[in-house]
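The block underneath contains the structure these notes are about, expressed in C-alpha cells.
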Amino acid sequence: MESPSAESFLRQMATLQALERELTTLSQSGRLRGSLHLAQGQEAVPAGACAALQPSDYLTATYRGHGYVLAKGCSLDGVLAEILGKATGLACGKGGKMHLFDLSHGLLGTNGIVGAGVGSVVGAALTAKMDRNGRVGLTVFGDGAINQGHVHEAMNMAALYQLPVIFLCENNLYAEMTPLHRSHGNVNLLERASSYGMDAIQVDGNDPFKVYEVVKKAVDLGRSGGGPTFIEALTYRTVGHYQADAGTSYRTLEEIEEWRQNSPIKRLSARIGPDAEKIIDEADELVHEAVERALGSPDPDPATALQGVFA
Amino acid sequence: MESPSAESFLRQMATLQALERELTTLSQSGRLRGSLHLAQGQEAVPAGACAALQPSDYLTATYRGHGYVLAKGCSLDGVLAEILGKATGLACGKGGKMHLFDLSHGLLGTNGIVGAGVGSVVGAALTAKMDRNGRVGLTVFGDGAINQGHVHEAMNMAALYQLPVIFLCENNLYAEMTPLHRSHGNVNLLERASSYGMDAIQVDGNDPFKVYEVVKKAVDLGRSGGGPTFIEALTYRTVGHYQADAGTSYRTLEEIEEWRQNSPIKRLSARIGPDAEKIIDEADELVHEAVERALGSPDPDPATALQGVFA
Amino acid sequence: MREITFAQACNEALRHELQRDSSVFMIGEDIAHYGGMFRVTDGLMAEFGEDRIIDTPISESGFLGMALGAALAGKRPVAELMFIDFSLVAMDQILNNIAKTHYMSGGAAKVPLTIVTQGGGYKGAAAQHSQMLEALFLHVPGIKVVTPSTPADAKGLLSASIRDDNPVLFIEHKQLLNLKGHVPEGEHLVPLGSAHVIQPGTDVTVLTYSYTVQLCRNVVQELSSFGVSVELVDLRSLNPLDWDTISQSVTKTHRVLIVHESHKRCGVGVDLAAQIQEQLFDELDAPIGICSAADVPIPFAAGLESEVLPTESRIRKAILEVMGREV
Amino acid sequence: MREITFAQACNEALRHELQRDSSVFMIGEDIAHYGGMFRVTDGLMAEFGEDRIIDTPISESGFLGMALGAALAGKRPVAELMFIDFSLVAMDQILNNIAKTHYMSGGAAKVPLTIVTQGGGYKGAAAQHSQMLEALFLHVPGIKVVTPSTPADAKGLLSASIRDDNPVLFIEHKQLLNLKGHVPEGEHLVPLGSAHVIQPGTDVTVLTYSYTVQLCRNVVQELSSFGVSVELVDLRSLNPLDWDTISQSVTKTHRVLIVHESHKRCGVGVDLAAQIQEQLFDELDAPIGICSAADVPIPFAAGLESEVLPTESRIRKAILEVMGREV
Ligand SMILES: Cc1ncc(C[n+]2csc(CCOP(=O)(O)OP(=O)(O)O)c2C)c(N)n1
Ligand SMILES: Cc1ncc(C[n+]2csc(CCOP(=O)(O)OP(=O)(O)O)c2C)c(N)n1
Ligand SMILES: [Mg+2]
Ligand SMILES: [Mg+2]
C-alpha cells in the first residue's frame, strides 16, 4: 500500500473538521443530544492511521473516535444519522455518538468507558491469528486511558500471544482537564508499553504522513506474525474536552494558540498550497449536505426501543 | 534498626513451617475447612521483609500471607483461632484463613482476590504522607498478580504521589499452575515496575538477610519521602498451590527437588549449625501448643453470624 | 431561606465536613484543580489544599482501593466516581472489599468511606452514561445507599453519610444537579434511613427516590385535582430502609406503587414489593405496581429513551392501574 | 444410562461443541495445560490444541474483553471465570460491554459468548469465594443466566448456551461439581428458558435452582410422608425465565416459596415474588415466602456459614410457614 497523497489526507481531515463544526452548531441549537467530544487539532492521527488499514482490519475507538470511524470507511450518512439519533443511523438511533458499530468495516465499536475497547481489538486479533487471515486490529485510546487497569491487561496479553495489534495512544497532553504529570508516575509512555514486551514508538501525531508510516510498519509487522506495536502520537486538542468545557481553565491561551498554529490542517494546507482551500470547501459542502440528509431522516419507531436486547 | 540474627530469622521461618505442617494435618483430617495455600519454601521472604518494618507500618498480603501476618507481630493464637474458625480468632471466625485483619499491628487484611490488597496499602501510605508520621506500607503479591489491572493502577499512583510503599512481589515462578513465560509478554518484572517511575530491584528471596537488606533500604527511602520501591523476591513454592494440588503435574520433580535442597530453612540451618535443630524444635512445640489451645477454644455463637455488617 | 442548587448543596456539605473534621479528605478525577465535572467540588482545593482534595489518574479501582486503605488507617475519605456507570471498573474494590471488610474482620476494622457519584438518564447520554445501578449495591451486603431528591436533603444526607462509620454510596442524579431549592445554612443533617412523606394521602402509596420523586410530585399534584389522594413517600435512603414509614403508609392506603428509574429485574421495585407482600399481605387490596425502566439498555435517541424510562404519563397510568381505575 | 459427574457432564458438552463447530474456542485461567481448577476442561487442550484452549494471565477484564472482540469477529468463545466472585474485577466488560453491545449496535453486532463460572458456598471458602451473584447479571439487561442443578441439565444447558447467539452466564455450583447422575451420551440439548417440574404437587409451589434444588428435593420427599404435597420446580435458567411453568404452578397451588442461596435484597426471590403478585394476585392464598441467604457476607466458620445459608431445616420451616402450618 502506498501512502495516500497530501490531497487525500487533507480531504479526510477536512471532512472530520467539517463534521465537528456542524455537530457543534447542532449541539448549540439543542438538536444534538448529550455530550460531544471533539477532536479538533487531532485530525491527522485518524487520517494517517486508518490509511494504513484494510477495510477488513479491526478497529475500536473512543467517544472521541468518529474521525477513525469515517477514515475507516464507514458511511458518513450512517454515522451522522446515528449521532443525530435517527432510524437510518448505524445503530438505528440506539447507540448514539459514543457507540458506533459497523462490522462490515471492521468497526467493533467506539466506547464510552475509558480504555474499555482495548480488549476487544486484542480478541479480534486473536481470531485473525487463529484463522491466519492476515488481518490486524487497531485500537485508539488516550494518554489518560493508559492508567486504566483493563488497558494494561490487554497490552500484556497482546504481547504474550504475539497478536497483530496496534495500540495507538493519542497523547494530547490532557485527560479531561488533567495533564500527564499529574496522572502518571512516569510520563514516558513508551517505557510502560515496551515493558510488556512490544515495540514502542513515538510519532508526530500532527503529520499524517508520519503517522501513516509508523502505523504501516506496525501493520506489516502484525500481518507477518511479529506481534503488537505501541505507538504514541503526540497531538493536541485545540478545543475543550467536550462541548461544555471551554478548554481554557487548565491550559494557557498561549499553549492553545501555539498548537492551533501548528494544527495538522494548517500544516498540510500550507504544504499543498492554493488547492487546499478547494478541498476544504468541498468537504464542507459534502458534510453539510449529509447533515441535511440526516436531519431529514426518519426518527426511530419508539416501539423499537423495547426490542433487540437479545439476538 | 539492626538486622535480626540468623537465629531470630530461623525462629520466624520455623514457626511458619511448623504452622503449615499443623494446618496440613488439620486439613487432611477435615478439622480445617476450605482451601489452604501453603508457602513452604518461601519462608525467608516474610521473615526478612517484616523484620524491616515497625509494628505501626502497614501491611496487606494474600491468601498465602499468614507468614507475613505472624512476622508482622500478630498473635499466633489469634491467627490460629481465626484459621480454625474460632470465636477467639482475629475476626471471631468470620474471616477465616484468607481474611486476617489486625489493625493494631498495621495489618489491613489478607485477601482472596488476586492483587486486590495492593490499593489499600497505597491508600494507607497516602495517609502516612498526609500526617507526616513516617510510616510506610508494604504489600506482598505474586508474579501472577502483577497481571491484574488493579495492581497496575495502584503502582502508578504510588509513584505519582511519591508514597512510602514497598511493592514486594514474590516471584515463585508460577501463578497457580501457570509459569511466567505463559502469562507475561515480558518476564522481566523489573522493567514493568520501573516504567511507572520507581526503583525496582531483584533479590534472592530465599535469603532472609538479603531480603531484609533491600526492604530496609526501601523502607528508609519511603520514610524519608523518597517514594515507592518495587522488589522482586525470587523464591519457589516447594509444595502445591493449595492442599488439593500435588504441585507435580506442571513442574518436574527435579525442579522441585533442586529448590527443596535450596530451601531457605535448609540454607539458614546449615549456616547456624547444630543449634538450628533446637530452634526448629522449639518452634514446633510452640506452634503445637498454640494449635491445641486454638482447637480447645470456643466456637463462635451462631447468632453472631447475622450481626456486624455495619459498625 | 436562600435557594441554591443541588450541586451547591453538596458542595456546602463537603466544605462543612472538611472544615469540621480534619480526617475527611477527597479523592477522584478532576475534582481538585478543575473543581469537578459537575462543580460539586468547586473551590475546595483552594480552601483545603492539594493534600486533602486529590486529583487522580483514570484509575477507579486504584483510587477506591486507596480510599479503603485510608479509611482503615483512620481517615474518612470521600471518593468521587464521576458516573455511577464507571463503578463497574471498580466493582471488586467496592463489593468484594469495601463492603465486606468490616464484617470479614469480625468488627475489628471500620470503613468510614463515602463514594459520591452521579447517575441517571433523560439526557441522551446513552447506554454507558445513563444508568442508575443502586440495585447492585443493595444486593451485596455492606454498603449503605443514599439517593436524595432535593438540594436540602442532598446537603443533610451527604453530611450524615460522611459522618457514618460505614461505606456509603451517595447518588446524585444528573437531572437534579441544577435543581434549586431552599437549603439550611451551616450544619444540616438528615439521618440515613428516614423516609420523607412529601404529601400525605389515603388512596394509594407511591414509594420513590432520586429524580423520579420530582416526576411523581407533578403527577400527584395533577391527580389530586381529580380527587385521587396519593401518599407520596421519598425513601431518601435505600439501605438503611425506613420500614416503619413504608408499613404505616401501606397500612393506611392498602395500595402501593413503587416508582424508580433503574431496571426492574432484581431492582428496588421488586425488592420493596416482595417485602411488603411478605409483611403486609392482608393489608393489600390490589397487586403492588412497579413503574421502572424497561429491561433494555438505555437507548440514545430522545424518542427511544423516553419509551424506556419512567415518564409522568406512565407514572399516572400506573397509579390509576393500582387503584383499579380505568386508565 | 451411565452415570458421570456434573463436572464431567460439562466437559462432555464442551468437547461436543468444540468438535461440532470450529468457531468455538475456550479462554481462561489454568484451563489448558492443567485442565481447569475443577477439571471441567480436562483433556480439551490435548484434543483441540493450544490454539483453541487458551491459558491466560490473571487478567479477567482483559480476557473477557478479548472474548467479546472474538465474538464480534465471528467466533463463539467460551470464557471460564474460575469463581463467580472474580467477575467483579471484570464487571465493566461484562455489564457495560458484553451485555449491551447487541442492543447498542442496533442489532448489527452479535455476541455469542458463554461465560462458564463456578459459585456458591457451604464449603468454608468465606466471603470472597462463596458468592452466588446471579442477581447482578439479571439486573443489567443483556446477558442470559443459566443455573443447572443436575449433571444431565448441565450438559444440555451448556451446549444450548454455547449455541445461543447471545452472551450467557453459565453457573456451576461448587457443591454440585462432583455430583453424579445419568447423562445422555452424544448430543444433548436442554433449551434455555424451560423450567423442570421435578415433582408435581398441589399444596405449595417451591421455585428454586442450582444447588438448593438438591436441598429442596430432600425436604420435599420428607414432607410428602407427612402428607404435604409440594410442587418442586427447578427453574434451570433465570433469564430467560419460564413464566408459563411458574404461572401454571401458582394457579394450581396458590402458595409459593422461592428458595435460593444468594442474598435476599434485590435478589431472585424478591424478583419472582413481585412478578407473581403482580400477575397472579388473586391466585395467592398466602404471602409468597423467600428462603435465601441472610443479607450478610458469607462467614468462614462452619457454625456461622450454616446460620447464613439456606439449610434443609430452614427450607422445611419456610414451606410450612407459607402453608400457614404450625412450625
Ligand atoms: C472508566 C472511566 N472513567 C472516567 C471516565 C470519564 N472520562 C471520559 S473521557 C476522560 C478522559 C480521557 O482522557 P484520555 O484517555 O487522555 O483521552 P482524551 O479524552 O484526551 O482523548 C474521562 C476521565 C470514563 N468515561 N470512563
Ligand atoms: C481476581 C482473581 N483471579 C483469580 C484468582 C484465583 N487464584 C488464586 S491464587 C492464583 C494464582 C496467583 O499467583 P501469584 O500471584 O503468582 O501468587 P502465588 O499464588 O504464586 O503466591 C489465582 C489465579 C483469584 N483469587 N482472584
Ligand atoms: Mg488525552
Ligand atoms: Mg506465583
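Within every chain, numbering begins at 1; the chains are lettered A, B, ... in the order of the sequence lines, protein sequences first and strands thereafter.
Between chain D and the options C:Gly269, C:Pro297, C:Ala273, the largest number of non-hydrogen pairs under 4.5 Å is found for C:Pro297. The most heavy-atom pairs under 4.5 Å with chain C, out of D:Pro141, D:Ala274, D:Pro299, D:Ala126, come from D:Pro141. When C:Gln277, C:Lys100, C:Met91, C:Met104 are compared by the number of non-hydrogen pairs under 4.5 Å with chain D, C:Gln277 comes out ahead. Note: D:Leu136 leads D:Leu136, D:Ile94, D:Leu133 in heavy-atom pairs under 4.5 Å with chain C. Chain C forms the most heavy-atom pairs under 4.5 Å with one residue out of D:Ala135, D:Ala294, D:Ala90, and that residue is D:Ala135.
In this structure, no portion of D:Ala293 lies under 4.5 Å from any heavy atom of chain C. Only the backbone of C:Ala286 comes within less than 4.5 Å of a heavy atom of chain D; no side-chain atom from C-beta onward does. Contacts of D:Glu134 with chain C are absent, with no heavy-atom separation under 4.5 Å from either backbone or side chain. When heavy atoms are compared at a cutoff of 4.5 Å, C:Leu284 approaches chain D by way of both its backbone and its side chain. With a threshold of 4.5 angstrom between heavy atoms, C:Gln93 does not approach chain D through any atom at all. Interface remark: D:Ile290 contributes backbone and side-chain atoms alike to the contact with chain C (heavy atom separation under 4.5 Å). Only the side chain of C:Gln275 comes within contact range of chain D, judged by heavy atoms closer than 4.5 Å. Using a 4.5 Å cut-off between heavy atoms, D:Asn239 contacts chain C through both its backbone and its side chain.
A salt bridge does not link C:Arg265 with C:Asp295: none of the charged nitrogens is closer than 4.0 Å to a carboxylate oxygen. Under a 4.0 Å N-O distance rule, the pair D:Asp203/D:Arg255 does not qualify as a salt bridge. Contact check on C:Lys110 versus C:Asp165 returns a salt bridge, with a Lys/Arg side-chain nitrogen under 4.0 Å from an Asp/Glu carboxylate oxygen.
Aromatic rings from C:His129 and C:Phe86 are positioned such that their centres are separated by under 6.0 Å.
D:Leu113 and D:Ala67 make their closest contact through CD1-CB, 3.6 Å (heavy atoms, listed as atom of the first residue, atom of the second, distance). Of all heavy-atom pairs between D:Ser292 and D:Lys264, the closest is OG-CB, 3.3 Å. When all heavy atoms of C:Thr208 and C:Val259 are compared, the pair lying nearest together is OG1-O, 2.8 Å. For C:Ala195 against C:Val233, the heavy-atom pair with the smallest separation is CB-CG1, 3.9 Å.
Of the N and O atoms on the side chains of C:Asp85 and C:Gln131, at least one donor lies less than 3.5 Å from an acceptor on the other residue.
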